[in-house]
Amino acid sequence: MSRFANKVVIVTGGASGLGKATATRFALEGAKIVVADVQGPAGHRFAEDIGGIFVETDVRDSGAVDHLVDVAVKEYGTLDVMFNNAGVRGPAAPVSEMSNEDFDQLVSVNLAGVFYGVRAAARVMTPKGQGVIINTASIGGVLPTAEIAAYCATKAAVVTLTQATAVELAPSGVRVNCICPGVMLTGMTDGLPAETIKRLDRLQPIGRPGDLTEMAEGVLFLASDAASYVVGHALVVDGGAVAGRPLGI
Ligand SMILES: NC(=O)c1ccc[n+]([C@@H]2O[C@H](COP(=O)([O-])OP(=O)(O)OC[C@H]3O[C@@H](n4cnc5c(N)ncnc54)[C@H](O)[C@@H]3O)[C@@H](O)[C@H]2O)c1
């Protein structure tokens with residue numbers, strides 16, 4: 001199946017985790033991929049592996065994000081899908097102990113970074129009257145968790161940013177949606193104690209973390225023509241975690 005033959009897709013945070021898995025799936029379906037990340041060597045290697053290009057990009061820098069979109073358009077002639085996925089979780093801490101630096105980092109990567117990506121993509125897509133923008137939020141944006149308050153707040157803001165821009169851009173033919181992944185074992189969960197990972201497993205009725213390809217499938221659906229009437233949606237892919245808790249949890 002080649003749902004994305006010759007479609008030009010930018011994936012931020014594409015050097016690892018969900019971004020990498022999604023870029024791989026898009027490439028398998030024929031897309032031309034622009035991988036963006038702060039991880040230079042890993043990003044370069046991966047982009048080469050999938051026949052795409054790498055643009056070292058810090059999404060906290062609006063000029064760098066504008067440049068990323070410019071490169072995609074210059075190299076491939078257009079931009080069809082913008083996946084604003086780069087994100088950080090920051091350390092878990094009670095709100096009273098959270099530092100300004102950690103708070104600012106979360107807001108600048110998770111919220112400003114997504115905003116810059118939406119804006120840069122909209123500038124290219126709106127005049128063409130087509131395009132798809134997908135943002136990565138989190139189940140933390142719809143069902144907040146203690147001790148990662150700022151993270152959850154940035155992800156809730158991504159959901160709202162998605163809805164507001166979806167409403168604004170839909171008349172021009174540009175669809176904006178977001179994905180709310182549940183727990184996935186990625187760079188973001190590296191370093192968590194084994195006991196915590198086990199506890200995370202029990203949070204979802206399905207009893208295990210999400211496989212990255214299961215999450216990527218959600219993104220590909222939102223990007224595909226099958227989702228042509230899906231606008232401003234927050235697609236929760238979480239093994240049932242937001243639906244409720246298994247008995248005894
Ligand atoms: N892992 C989870 O359980 C989980 C759950 C819900 C949502 N998410 C979200 O999924 C997205 C992807 O995370 P992941 O789990 O794949 O983690 P990950 O750490 O494997 O991937 C995140 C990527 O973003 C990149 N990145 C970080 N800061 C950046 C910046 N300033 N500019 C550009 N790139 C930057 C990292 O280098 C990394 O490659 C994030 O938005 C995260 O919040 C993750």
Side-chain angles (χ1 to χ4, degrees), residues 10-25 34-47 54-69 82-92 102 104-118 120 134-145 148 150-159 161-162 178-192 196-197 199-201 203-204 208-216 218-219 234-239 241-242:
I10 292 178
V11 179
T12 73
S16 94
L18 176 61
K20 187 173 182 180
T22 306
T24 303
R25 294 288 299 119
V34 182
V35 176
D37 207 290
V38 281
Q39 294 190 56
H44 264 296
R45 270 196 309 276
F46 171 58
F54 176 69
V55 183
E56 191 162 334
T57 309
D58 185 335
V59 298
R60 295 173 301 177
D61 174 352
S62 66
V65 177
D66 290 345
H67 172 71
L68 165 67
V69 170
M82 180 81 185
F83 182 30
N84 296 302
N85 164 73
V88 289
R89 184 178 53 96
D102 287 338
D104 290 346
Q105 167 75 347
L106 283 162
V107 172
S108 58
V109 180
N110 293 3
L111 177 54
V114 171
F115 173 76
Y116 298 147
V118 171
I134 300 161
N135 304 319
T136 299
S138 167
I139 55 168
V142 289
L143 182 68
T145 305
I148 49 168
Y151 175 82
C152 294
T154 62
K155 293 301 188 178
V158 169
V159 173
L161 176 70
T162 299
C178 66
I179 183 152
C180 297
V183 176
M184 322 175 263
L185 302 182
T186 63
M188 199 163 278
T189 51
D190 278 356
L192 287 177
T196 307
I197 301 275
R199 255 191 295 130
L200 288 177
D201 281 0
L203 284 182
Q204 34 265 316
R208 60 172 176 81
D211 189 272
L212 289 176
T213 56
E214 293 172 308
M215 303 292 178
V219 180
L235 180 63
V236 172
V237 184
D238 71 342
V242 166

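One-based numbering, in listed order, for ligands and for the atoms of each. All figures in this text were calculated on a predicted structure; none of them were measured in a lab.
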For this session: Ignoring hydrogens, just give me the one of Asp37, Val88, Ile139 whose non-hydrogen atom is nearest atom 38 (C) of ligand 1.
Result: Asp37
For this session: State, to 0.1 Å, how close Cys178 and Ile134 come at their nearest heavy-atom pair, and which atoms those are.
Result: CA-CG2, 4.5 Å
Exercise. Ligand 1 and Thr189, any nitrogen or oxygen pair closer than 3.5 angstrom?
Worked result: no
Problem set entry | Nearest neighbour in protein (non-hydrogen) for atom 15 (O) of ligand 1 | Thr186 OG1, 2.6 Å
Problem set entry | Element-labelled atoms of ligand 1 that are located less than 4.0 Å from some non-hydrogen atom of Tyr151 | 6 (C), 7 (C), 8 (N), 9 (C), 42 (C), 43 (O)
Exercise. Heavy-atom contact under 4.0 Å between Gly140 and ligand 1?
Worked result: no
For this session: Look only at the side chain of Thr154 and the backbone of Cys152, and say whether a donor-acceptor pair between them is shorter than 3.5 Å.
Result: no
Seminar exercise, completed: Given the options Val159, Ile179, Val118, Asn135 meets side-chain contact (heavy atoms from CB on, under 4.5 Å) only with Val118
Exercise. Ligand 1 and Lys155, any nitrogen or oxygen pair closer than 3.5 angstrom?
Worked result: yes
Exercise. Given Val55 and Val35, is the side chain to side chain contact (heavy atoms under 4.5 Å, CB included) satisfied, shown in steps?
Worked result: CA-CA 6 Å; Val55 183; Val35 176; over 6 Å; no
Problem set entry | Taking every non-hydrogen atom, the tightest pair across Asp66 and Ala120 | OD1-CB, 3.5 Å
Problem set entry | Nearest-neighbour protein heavy atom for atom 24 (O) of ligand 1, which is reported as residue plus atom name and distance | Gly13 CA, 3.4 Å
Seminar exercise, completed: Atoms of ligand 1 under 4.0 Å from any heavy atom of Val183, numbered from 1 in the order shown, are 3 (O)
Seminar exercise, completed: min-distance protein heavy atom vs atom 29 (C) of ligand 1 -> Val38 CG2, 3.8 Å
For this session: For residues Arg60 and Ser108, report the shortest heavy-atom separation together with the two atoms involved.
Result: CD-OG, 3.4 Å
Problem set entry | Those atoms of ligand 1 less than 4.0 Å from some heavy atom in Met188 | 1 (N), 13 (O), 15 (O), 17 (O), 18 (P), 19 (O), 40 (C), 42 (C), 43 (O), 44 (C)
Problem set entry | Option of least heavy-atom distance to atom 21 (O) of ligand 1 (set: Gly182, Ser16, Gly17) | Ser16
Problem set entry | Distance from atom 9 (C) of ligand 1 to nearest protein heavy atom, with residue and atom | Thr136 CG2, 3.6 Å
Exercise. For atom 22 (C) of ligand 1, what is the nearest protein heavy atom, given as residue, atom name and distance?
Worked result: Gly87 O, 3.9 Å
Exercise. Should Met184 be counted as touching ligand 1, given the test is an N or O pair under 3.5 Å?
Worked result: yes
Exercise. Would a distance-only check, ignoring hydrogens and angles, find a side-chain to backbone donor-acceptor pair under 3.5 Å from Asn110 to Val88?
Worked result: yes
Seminar exercise, completed: Counting heavy atoms under 4.0 Å, the part of Ala137 that contacts ligand 1 is backbone
Seminar exercise, completed: Correct closest heavy-atom pair for Thr24 and Lys20 would be OG1-O, 2.7 Å
Exercise. Considering only heavy atoms of Leu18, which atoms of ligand 1 have at least one such atom less than 4.0 Å away?
Worked result: 16 (O)
Exercise. Distance-only, no hydrogens or angles: does the Thr196 side chain make a donor-acceptor pair with backbone N or O of Leu192 under 3.5 Å?
Worked result: no
For this session: Only counting residues at least two apart or in another chain, list the ones meeting ring-ring contact (aromatic ring centres under 6.0 Å, His included) with Phe54.
Result: His44
Exercise. Can you list the ligand 1 atoms lying under 4.0 Å from a non-hydrogen atom of Gln39?
Worked result: 36 (C), 37 (O), 38 (C), 39 (O)
Exercise. Which atom names give the shortest non-hydrogen contact between Met184 and Leu212, and what distance separates them?
Worked result: SD-CD2, 3.6 Å
For this session: Verify, without hydrogens or angle tests, whether Thr186 (side chain) and Met188 (backbone) share a donor-acceptor contact under 3.5 angstrom.
Result: yes
Exercise. Considering only heavy atoms of Thr57, which atoms of ligand 1 have at least one such atom less than 4.0 Å away?
Worked result: 32 (N), 33 (C)
Exercise. Short N/O distance, under 3.5 Å, between Gly187 and ligand 1?
Worked result: yes
For this session: Have a look at Leu212, Asn85, Thr12 and point out the one with the heavy atom closest to atom 40 (C) of ligand 1.
Result: Asn85
Problem set entry | Member of Thr12, Asp37, Thr136 meeting the side-chain hydrogen bond (donor to acceptor under 3.5 Å, both in side chains) criterion with Asn85 | Thr136
Problem set entry | Nitrogen or oxygen of Val59 less than 3.5 angstrom from that of ligand 1 | yes
For this session: Would you mind finding which of Leu192, Asn135, Asp58 brings a heavy atom closest to atom 31 (N) of ligand 1?
Result: Asp58
